[in-house]
Amino acid sequence: MLDTQKPPRKKWWTPPFDPRFPNQNQTRNCYQNFLDYQRCVKTMSRRGKNSEPCEYYFRVYTSLCPTSWVQHWNEQIKDGTFAGKI
Amino acid sequence: QNAASPIMEELIAFHDHALMIIFLISSLVLYIISLMLTTKLTHTSTMNAQEIEMIWTILPAMILIMIALPSLRILYMTDEFNKPYLTLKAIGHQWYWSYEYSDYEDLAFDSYIMPTYFLEPGEFRLLEVDNRTTLPMEADIRVLISSQDVLHSWAVPSLGVKTDAIPGRLNQAMVASMRPGLY
């Protein structure tokens with residue numbers, strides 16, 4: 001299953017066009033948003049703030065990344081073997 | 001199949017255009033060959049053929065330009081920036097596809113080919129599936145295609161989309177159908 005955080009029930013949208021990744025290969029788009037979410041949550045909790053602004057990254061990566069990838073990365077983060085810089 | 005998306009219409013039109021040029025050239029060549037083979041005249045002295053060489057260099061160059069310009073136009077059209085309305089993930093496995101709609105709720109399902117002995121009369125062999133993917137019409141849909149194990153390819157002929165599913169890579173294709181139907 002995904003993170004215990006579920007997106008809030010708001011208006012429907014899908015991740016918009018990201019000009020950083022204009023081409024066909026969207027792997028980096030998915031991975032970058034996942035990293036941005038993890039970093040955002042880490043920074044916000046370190047500063048003692050609410051992680052509500054991080055929801056955008058969460059929505060984008062859940063829409064773009066296959067759930068199997070997300071589960072795999074979350075397990076790696078829990079085990080401490082995740083290769084990305086968070 | 002008939003086109004069901006604007007890009008496919010363009011592709012079909014371009015294909016007709018290029019095919020017409022091909023028919024033109026091949027019929028011209030066949031006609032000239034038949035002329036060459038059925039004449040008793042011979043000409044063996046060397047000659048200066050500057051004008052005709054100019055013609056048969058410039059004319060093919062113009063024909064190639066006439067083919068290349070629509071081709072490049074369609075190529076760039078397929079890569080246009082559109083605002084997607086919905087994101088669908090198609091993940092290939094051996095031997096089924098799994099589809100995920102994750103924009104709002106986590107909706108995911110597997111789609112296997114119907115075995116032939118389960119088909120009703122009138123259904124297509126090897127094309128029917130148990131769970132069909134439903135998409136809204138007249139909306140730009142971003143389809144992200146990947147694979148779990150080996151290389152696959154996801155294609156819908158009448159919408160003009162065919163994209164490879166590569167493990168570890170997420171390929172994006174845009175799909176927009178103009179009419180309701182089964183594709």
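Proteins get letters first, then strands, A, B, ... in listed order; numbering begins at 1 in each. Note that the structure is a prediction, hence the values are computed from the model and not measured. Note that these values count all heavy atoms, side chains included, but never hydrogens, waters or copies made by symmetry.
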> Please walk me through it: do B/Arg179 and B/Glu138 pass salt bridge (charged side-chain N to carboxylate O under 4.0 Å, His left out)?
Replying inline: CA-CA 7 Å; B/Arg179 332 178 260 276; B/Glu138 286 180 5; over 6 Å; no
> Can you say whether B/Ser98 sits under 4.5 Å from chain A via the side chain, the backbone, both, or neither, judging by heavy atoms?
Replying inline: neither
>> Only pairs of heavy atoms separated by less than 4.5 Å count here; which of A/Pro15, A/Pro22, A/Ser68, A/Cys30 has the most with chain B?
In response: A/Pro15
> Backbone N or O of B/Asp103 within a donor-acceptor pair of the A/Arg59 side chain at under 3.5 Å?
Replying inline: yes
> In terms of heavy-atom proximity below 4.5 Å to chain A, should B/Lys89 be classed as side chain, backbone, both, or neither?
Replying inline: side chain
> Going by atom types alone, do B/Ser102 and A/Thr62 pair a side-chain donor with an acceptor below 3.5 Å?
Replying inline: no
> Does any heavy atom of chain B fall under 4.5 Å from the side chain of A/Pro16, the backbone, both, or neither of them?
Replying inline: backbone
> Is it true that the side chains of A/Thr27 and A/Asn25 contain a donor and an acceptor less than 3.5 Å apart?
Replying inline: yes
